[in-house]
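Worksheet: one structure, shown below.
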Amino acid sequence: MASGRKKTRKPAHKIQKSKLEKLGLVETGASLSDIRKSLKLGQKHAEKGEWADAVKHLLVAWDAMPEDLSILTVLAHALAQLGVREHAISVLQRALEVHEPTAELIGIILRLALEMGFYEIAVKLGQQLVLLEPTNPGNYVNLATAYSGMRQYDESISMLQEVLPSFPTNADLWNVLATQVRERDGVDAADVFFEEALKLRPNDAKIISNYSISYTRRNDVDKALELALRSIAVDPNSPEPHVGAAQFLFLKGRLDEAWEHYEFRLDSRRKSNQTQHYTHKLPLWQGEDIEGKCLFVTAEQGIGDEVMWGSYLPYLYDKVEKLYIGCDPRLVSIYERRFPEAVVGSYLDRVISGYRYRVFPGIEKLMKSGEASIDYYTPVASAPKFAWRAKSDIQPYPDGYLMPDASRASEFKLRLSAISDKPKVGFAWRSGIIASERAYHYASIDDLGPLMSLSDRVDFINLQYGDVTDELDIIKEKYGVVVHNFEDVDLKADIEANLAIAANSDLVVSSVSAPGMFSMSTGAKTLLMSSTRPWWCFGHDNNVPFAKCAELFGSEHGIDWQDIVTRVSGRVADIIDG
């Protein structure tokens with residue numbers, strides 16, 4: 001018969017030191033059962049793409065097994081998917097301290113390099129990876145993506161054509177080949193590869209979303225929207241299809257639906273150059289009554305977008321108790337003149353571990369000292385969100401909403417009149433940033449013939465910022481036309497000059513880019529050349545609802561730049577003939 005004395009059990013969290021060493025564990029207070037459970041759950045959630053839950057459990061396992069490579073790599077990948085790349089990098093640095101680089105580790109670093117836009121590094125890592133693991137098709141996909149970032153489409157397509165016979169049923173390879181062919185050879189050439197990818201994996205959100213871009217470029221908005229929504233249904237957490245769907249819905253005038261998707265533009269999982277993290281820690285304006293309140297409107301996106309969405313600032317300025325505006329440094333003097341009772345401050349961007357942190361030093365200093373008590377903030381592209389719910393809600397501000405500095409306006413009035421007595425046409429033919437995936441948006445110099453034929457009747461004035469010397473020389477050589485350029489003016493840095501030149505021109509012809517936005521903001525007559533109808537037409541056909549001074553010239557089906565430029569040229573002739 002057993003004695004009445006109970007056997008004392010050791011607490012579950014205590015594991016003998018010898019056993020810890022044998023298992024490669026360190027003392028954390030967790031039981032062996034808890035550690036195994038956390039590891040299993042972390043891997044299970046990672047396989048399902050449930051990254052937050054994966055990190056929660058993997059951190060427990062990592063505490064106990066800090067040198068386990070499999071935990072390190074899965075944890076780093078999960079952190080990267082959550083958008084906290086600085087933490088992912090810290091984990092990878094730890095992995096590299098205690099382990100020789102493996103294909104798995106290099107692969108994760110490569111994906112981080114792609115997400116952070118370090119394409120040259122990504123190409124080198126990708127080349128190393130395909131040598132280490134030539135039978136892994138995912139390595140070729142990542143290398144092709146890196147080549148694409150460098151615009152090395154010939155190298156990418158050649159490599160993919162070489163390896164596809166070895167992996168004919170791999171949908172990712174067909175998908176990435178389709179995207180590369182589309183950039184090099186156009187949308188029609190890419191269709192067969194997208195269709196093959198979808199045949200192999202018909203419910204892949206990424207493939208569906210990529211294919212929707214082809215229909216965007218064809219101006220087939222209905223099909224592009226259908227594919228974007230289909231992609232969202234498959235993967236509702238991926239931000240890019242939401243942003244695409246928002247733009248299609250805006251274009252169709254379905255603003256009430258569009259805004260919900262458009263908020264995904266701020267998602268931290270997007271590429272590092274597409275969003276920013278604010279440091280001011282203010283509560284987001286969610287549509288509360290702001291009469292008697294103080295509102296901080298914060299800059300986002302490029303300066304052209306900032307000025308476009310800024311067309312709603314006058315309405316907020318008239319409504320709130322105090323408006324604070326955080327903007328591009330080049331706009332400070334312009335906004336101070338337009339909104340004299342507002343507090344206007346510029347931003348500084350700091351990039352840390354691939355993230356862009358946006359700081360507004362002047363305004364945040366006022367907040368810290370107690371001199372500014374701000375109730376809410378809103379990113380500038382969300383400023384009209386609660387007022388623009390239908391296309392009929394958007395009204396143009398009378399005669400533009402920005403004005404040039406009086407002294408600069410007088411200066412450029414004299415300089416323009418000194419050229420000749422002919423009417424003046426401000427001219428910008430492309431964006432300041434030409435990435436290959438955006439080039440189709442803009443006319444080439446070869447397309448400009450019909451417009452240049454008007455040079456005996458008008459003076460063309462350069463509004464295209466950046467170093468355009470070579471392009472102006474080509475225009476002169478090809479057409480015998482001098483596009484007058486004020487070489488002492490840096491149009492990119494000096495937005496005051498942009499406004500002054502546009503306001504003193506008889507009209508402006510521009511691509512859908514920042515110079516066109518600057519021109520419209522002053523109320524100057526503006527003709528916009530566009531490959532497709534811009535989503536910011538908000539359901540209106542050939543006009544821009546927030547700028548009554550603008551007319552839009554685009555293609556209804558496909559892209560025919562000769563037709564677009566010919567129609568613009570005819571309109572210029574009509575205007576100058578009066």
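The figures that follow rest on heavy atoms only: side chains count, while hydrogens, waters and symmetry mates do not. Given the structure is predicted, the values throughout are model-derived calculations rather than measurements.
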Let's go through M529 and V565 carefully: what are the C-alpha distance in whole Å and the side-chain angles of both, what is the deciding distance for side chain to side chain contact (heavy atoms under 4.5 Å, CB included) to 0.1 Å, and is it a yes or a no? CA-CA 7 Å; M529 304 185 295; V565 176; 4.2 Å; yes
When you look at W536 and V512, which way does the side chain to side chain contact (heavy atoms under 4.5 Å, CB included) test go after all the steps? CA-CA 10 Å; W536 38 259; V512 285; 3.7 Å; yes
Go through the steps to decide whether S214 and R218 satisfy the test side chain to side chain contact (heavy atoms under 4.5 Å, CB included), and finish with yes or no. CA-CA 6 Å; S214 293; R218 290 187 173 105; 3.9 Å; yes
Are there more than 12 heavy atoms of other residues, nucleotides or ligands under 6.0 Å from atom NZ of K206? no
A cation-pi test, strictly: NZ or CZ of R338 under 6.0 Å from the centre of the six-membered ring of Y335 and no more than 45 degrees from its axis. Yes or no? no
Mind checking whether S382 and R265 have side chains closer than 4.5 Å, heavy atoms only? yes
Any idea which heavy atoms bring L229 and A245 closest together, and the distance? CD2-CB, 4.2 Å
Under 3.5 Å, is there a donor-acceptor pair between the side chain of Q464 and the main chain of W429? yes
Heavy-atom side-chain contact between L284 and P379 under 4.5 Å: yes
Which class fits the ring pair Y315 and Y397: parallel under 30°, tilted 30 to 60°, perpendicular over 60°? perpendicular
The single option from N175, T179, D204 that satisfies side chain to side chain donor-acceptor pair (under 3.5 Å) with N210 is N175
So which heavy atom on E306 is nearest to which on D328, and how close? OE2-N, 2.9 Å
Give a yes or no on this: more than 12 heavy atoms of other residues, nucleotides or ligands lie within 6.0 Å of atom CG of D393. yes
Can you give me the closest heavy-atom contact between L448 and A443, atom names plus distance? CD2-CB, 4.2 Å
Closest non-hydrogen atom pair, S569 against L454: O-CD1, 3.6 Å
Does T532 reach the side chain of T216, with side-chain heavy atoms less than 4.5 Å apart? no
Does N498 use its side chain to pair, donor to acceptor, with the backbone of L491 at less than 3.5 Å? yes
Using 30° and 60° as the class limits, which term best fits the ring planes of W388 and F546: parallel, tilted or perpendicular? parallel
For Y377, run the ring pair (Phe, Tyr, Trp, His ring centres under 6.0 Å) check against Y278, F296, Y324 and tell me which one passes. Y278
Is E551 reaching over with its side chain to a backbone N or O of K548, donor-acceptor style, under 3.5 angstrom? no
Between the side chain of D256 and the main-chain N/O of R389, is any donor-acceptor distance below 3.5 Å? no
Non-hydrogen atoms of S212 and A228 that approach each other most closely: CB-N, 4.1 Å
For F538, which of Y262, F250, W259 qualifies under ring pair (Phe, Tyr, Trp, His ring centres under 6.0 Å)? F250
Please determine whether the number of non-hydrogen atoms from other residues, nucleotides or ligands lying under 6.0 Å from atom NZ of K322 exceeds 12. yes
Assess, by modelled atom type and distance only, whether the side chains of W309 and E300 contain a donor and an acceptor separated by less than 3.5 Å. no
Is a side-chain donor or acceptor of S505 paired with a backbone partner of I501 at a separation under 3.5 angstrom? yes
Min side-chain heavy-atom separation H261-I232 under 4.5 Å: yes
Could you check whether any side-chain N or O of R350 sits under 3.5 Å from a backbone N or O of V359, counting only pairs where one atom can act as donor and the other as acceptor? no
Between the NE2 atom in H277 and the CG atom in D349, the distance rounded to the nearest 0.5 Å is 11.0 Å
Answer yes or no: is there a side-chain heavy-atom contact under 4.5 Å between L251 and L225? no
V425 backbone acceptor or donor facing D506 side chain under 3.5 Å: no
Set out, in order, the CA-CA distance, both residues' side-chain angles and the distance that settles side chain to side chain donor-acceptor pair (under 3.5 Å) for T279 and E364, then state yes or no. CA-CA 9 Å; T279 60; E364 290 185 45; 2.9 Å; yes
Hey, is NZ on K525 packed in by over 12 heavy atoms from elsewhere, all under 6.0 Å? yes
Regarding S333 and E496, is there a side-chain donor-to-acceptor distance under 3.5 Å anywhere? yes
For E487, does the CD atom have more than 12 heavy-atom neighbours from other residues, nucleotides or ligands under 6.0 Å away? no
Quick one about S444 and D447 (side-chain donor to acceptor, distance below 3.5 Å, no hydrogens or angles considered), yes or no? yes
Main-chain N/O of P515 paired with S519 side-chain donor or acceptor, under 3.5 Å: no
In terms of heavy-atom contacts, C327 and A299 come closest through CA-CB, 3.8 Å
Separation between CG of L331 and CZ of R337, rounded to the nearest 0.5 Å: 10.5 Å
Evaluate the side-chain proximity of Q562 to P450: yes if any heavy-atom separation is below 4.5 Å, no if none is. yes
Tell me, with the steps shown, if Q276 and Y347 meet side chain to side chain contact (heavy atoms under 4.5 Å, CB included). CA-CA 12 Å; Q276 60 280 311; Y347 63 73; over 6 Å; no
Indicate yes or no for a side-chain donor-acceptor contact from H540 to the backbone of S392 under 3.5 Å, with no hydrogens or angles considered. no
Looking at side-chain heavy atoms only, is the closest gap between L552 and S530 below 4.5 Å? yes
Quick test of your reading of the model: are K293 and E288 salt-bridged, counting only N-O distances below 4.0 Å? no
Got a donor-acceptor contact below 3.5 angstrom from the R330 side chain to the K492 backbone? yes
With the side chain counted from C-beta on, respond yes when W561 and I564 share a heavy-atom pair under 4.5 Å apart, and no when they do not. yes
